[in-house]
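Being a predicted model, the structure only gives us computed values, none of them experimental.
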Amino acid sequence: MSQDLSDVPPRLKRDIGLLPLFMVSAGSVIGSGWLLGTLNASEAAGPAALISWIIGVILLIGVALIYAELGSTYPISGSTARFTWIHAGTLGGFFAGTYSYLQAMAVAPIEVEATLSYVDAKVWHGLVNSTTGLLTGKGLAVAIGMMFLFTALNLFGIKWMARTNSIAMVWKILVPFMTVILLMAKAFHTSNFTAVGGFMPFGIKGVFIAIPLGIVFALEGFEQAAQLAGEARNPKRDVPIAVVGSMLLGAALYILLQLCFTGALNPATLAHGTWKNPFGTPGHFGPYYTLAESVGLGWLGVILIIDAIVSPAGTGLVYVSAASRLSYSLGKTRFLPPVFSSIDRRGVPWFSIIFGGAFGCVLFLPFGSWSTLVGAITAASSFMYSFAPVAAVSLRKSDPDRVRPYRAPILNIIAPFSFVVSGFIIYWSGTANDLKIDAAVVFFLVLYLIARRVDPNQEPLDFRAGAFAIPWIIGLTLFSIFGGSYVGGISSGPGNTGSAGGYATFLGAKLGVHLPFWWDLGAIAVFSLLVFYFAVNSRLGSERVLAHAEEAAADAHSEDLDLGVGHAAA
């Protein structure tokens, strides 16, 4: 007897093949970060920014390998909000989901701001206030229009979004690689790597400060294939390839871009300036556009203006999709009202998409410029990434018999290392950014606790399994306040503390607490390892973990894809 299809509720569709899935992750990695990140890194570290990028890649590659395992083993849409819920229950799942949603929600508006900042200087003036970096009324109208376009394309379905992104990705990959080749062939001055204070003019601190100054933001996004795994045709094979492949592509590109940027600067101009102003002029229109014009490649500058629209817009399109899958997943676990998990006849979470587009427009209000928003989102992203290593180890222990199509190598080393790395990046992000993210999480926590009081269908709070998140968040905030080395955050740069830095220094002086450089990193490493092993050892029991895993499998429509328990691959 055939099933009456009219009784089958709408569901997410498995419409994404390997190439579109790879392009989704790669499209998230290659966005406004390539247009602006290298200049910001150079201003913080000088020529040693090249080391900052290499360190950033090393720090994040472990996280990418972990997401490759988790995403192929538990292919669920909005998965970064679900991995922790499976092994740590509701409290841990709330914190992981909130950080994931905060970072994903903010990226599309950040990319739009990057586009308008570029366009304002040369094509369409009056979009951005040149003093504050904030959008003008006209700029705000254009930004909202772009968010409306991203939202509409996502409402057509995941296949439309993936196809649109794949077309844009051909351009997004070709232009930066072409820029590197042309600029290095036209002008490459090795003397720049030792000019104006030597290779490391701001010392090792500058190298570390540069990492959250757009580097982490530029490299992140590889996890988007895992976010959309619930709509992949063959997630067991395709998710690991897309996650790790996009990370390696982005790593190669950004290291070449930093090498190109440093070598292509005019040595005469640089000699009379500083790394705080490597072009020697009060203002400039984007690092690579300025370089292209300075070496006589004006036509390349025109292409870069077009790319300033295409690259960030493509990334913004992907992140509207990613944010909607996260809120869909949060609705499934009742962290958000059930309407967020509503699916329409096209197989898309329509309410989550519309809400994400509308809420993203709120971030265009006076919350800061591109670099200011990047600092806060880097902290949120690093908190999100920190939950993945705990999930990978915990799920191997509590759900050992599930088939793992891809297994991250030497996980017992990579996982705690990646957790420590996340703590470092949160610390380097600075006091002001950490406090902003803390305030946002507290706000959502209050809303969640209220929702638990009025919703009788909520799961138990699972305090013991998820409690590790509380000392993790509070501890890193205290380190950022009293550590002293990076208290100013990314907005202040080397040698400055900024207003947040002054506040932290005042508290440290009052209480006589001030960890010197290197001692602070050692203390954070020890603290991180303690929290990591506490989190793994306090995980839910195997019975609860298996129940959560099977519930997640049901959400992922296991009738389309076998997510059942089997014998793990050797």
Side-chain angles (χ1 to χ4, degrees), residues 58-70 73-74 80-100 223 379 381-402 404 407-428 434 438 441 461-480 483 515 518-546 548-549 568:
I58 293 172
L59 296 183
L60 290 180
I61 191 64
V63 179
L65 294 173
I66 288 169
Y67 269 113
E69 173 173 325
L70 290 171
T73 306
Y74 304 91
T80 58
R82 303 294 287 277
F83 297 143
T84 302
W85 170 75
I86 292 175
H87 78 85
T90 50
L91 183 62
F94 163 80
F95 283 113
T98 300
Y99 283 116
S100 299
E223 76 280 358
S381 301
S382 299
F383 270 117
M384 176 190 76
Y385 287 146
S386 72
F387 287 95
V390 177
V393 174
S394 296
L395 290 170
R396 277 202 191 179
K397 291 178 178 293
S398 296
D399 193 12
D401 295 326
R402 190 169 301 275
R404 284 168 168 76
R407 296 175 69 90
I410 53 174
L411 183 65
N412 288 334
I413 296 175
I414 288 178
F417 173 77
S418 298
F419 193 79
V420 171
V421 163
S422 299
F424 284 160
I425 297 173
I426 294 165
Y427 176 56
W428 294 331
D434 291 345
D438 289 349
V441 171
L461 191 58
D462 297 317
F463 183 82
R464 180 179 180 275
F468 73 92
I470 297 175
W472 180 234
I473 296 166
I474 295 175
L476 287 175
T477 301
L478 292 175
F479 272 115
S480 74
L515 282 173
W518 290 119
W519 284 92
D520 52 358
L521 299 184
I524 289 173
V526 172
F527 168 73
S528 300
L529 291 173
L530 290 174
V531 173
F532 176 83
Y533 288 111
F534 169 69
V536 171
N537 291 324
S538 61
R539 66 189 183 277
L540 293 175
S542 293
E543 185 176 340
R544 286 286 306 282
V545 169
L546 290 173
H548 278 172

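- Side-chain contact between Ile470 and Phe463: present, with at least one pair of heavy atoms (C-beta onward) separated by less than 4.5 Å.
- With values rounded to the nearest 0.5 angstrom, Leu476 atom CG is found 9.0 Å from Asp438 atom CG.
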Handout entry: Pair His87-Val536, side chain to side chain contact (heavy atoms under 4.5 Å, CB included): steps then yes or no
Key = CA-CA 9 Å; His87 78 85; Val536 171; over 6 Å; no
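- Between atom CG of residue Asp520 and atom OG of residue Ser480 there is a gap of 11.5 Å, rounded to the nearest 0.5 Å.
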Handout entry: Test log, rule side chain to side chain contact (heavy atoms under 4.5 Å, CB included), inputs Arg404 and Thr73
Key = CA-CA 5 Å; Arg404 284 168 168 76; Thr73 306; 3.4 Å; yes
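- Here the shortest heavy-atom pairing between Asp399 and Ala549 reads OD2-CB, 4.2 Å.
- Residues Phe532 and Phe419 bring their aromatic ring centres within 6.0 Å.
- Atom CG of residue Leu59 and atom CD1 of residue Ile61 lie 11.0 Å apart, to the nearest 0.5 angstrom.
- Under the 30°/60° scheme for interplanar angles, the aromatic rings of Tyr385 and Tyr67 are found to stand perpendicular.
- The distance from atom OG1 of Thr90 to atom CG of Leu461, rounded to the nearest 0.5 Å, is 4.5 Å.
- Shortest non-hydrogen contact noted between Ala467 and Pro471 is O-CD, 2.9 Å.
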Handout entry: Ser398/Arg539 under side chain to side chain donor-acceptor pair (under 3.5 Å): CA gap, chis, key distance, verdict
Key = CA-CA 8 Å; Ser398 296; Arg539 66 189 183 277; 2.7 Å; yes
Exercise for the section: For Thr477 and Asp434, run side chain to side chain donor-acceptor pair (under 3.5 Å): C-alpha distance rounded to whole Å, both residues' side-chain angles, the deciding distance at 0.1 Å, then the answer. Expected result: CA-CA 6 Å; Thr477 301; Asp434 291 345; 5.7 Å; no
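- Annotation: side-chain contact (heavy atoms from CB on, under 4.5 Å) contacts of Ser100 (sequence neighbours excluded): Thr80, Leu326, Met384.
- In this structure, Asp462 and Arg544 have side chains that are in contact, with non-hydrogen atoms separated by less than 4.5 Å.
- With contacts defined as side-chain heavy-atom distances shorter than 4.5 Å, the pair Phe95/Ile473 qualifies.
- Within the 4.5 Å cutoff, no side-chain heavy atoms of Thr84 are placed close to those of Phe94.
- By the 4.5 Å heavy-atom criterion applied to side chains, Ile414 and Pro409 are counted as neighbours.
- Looking at residues two or more places apart in sequence or on another chain, you find a salt bridge (charged side-chain N to carboxylate O under 4.0 Å, His left out) between Arg396 and Glu69.
- Taking each heavy atom of Phe383 and Phe387 in turn, the nearest pair found is O-CD1, 2.9 Å.
- Contact record, Ala88 with Ala465: O-CB, 3.4 Å, taken as the closest heavy-atom pair.
- With hydrogens and angles disregarded, no donor-acceptor distance shorter than 3.5 Å links the side chain of His548 to the backbone of Gly89.
- By the 4.5 Å heavy-atom criterion applied to side chains, Ile66 and Ser418 are counted as neighbours.
- Among Tyr533, Phe424, Trp472, Phe417, the one residue that satisfies the side chain to side chain contact (heavy atoms under 4.5 Å, CB included) test with Ser528 is Trp472.
- Ring planes of Phe479 and Tyr427: perpendicular class, angle over 60° (limits at 30 and 60°).
- Inter-residue side-chain proximity for Phe83 and Tyr74 is flagged as met; some heavy-atom pair is nearer than 4.5 Å.
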Practice task
Applying side chain to side chain contact (heavy atoms under 4.5 Å, CB included), run through Leu395 and Leu70 and close with a yes or a no.
Solution key: CA-CA 9 Å; Leu395 290 170; Leu70 290 171; 4.0 Å; yes
Practice task
With side chain to side chain contact (heavy atoms under 4.5 Å, CB included) as the test, would you mind laying out the steps for Ile524 and Val420 before giving the verdict?
Solution key: CA-CA 8 Å; Ile524 289 173; Val420 171; 5.7 Å; no
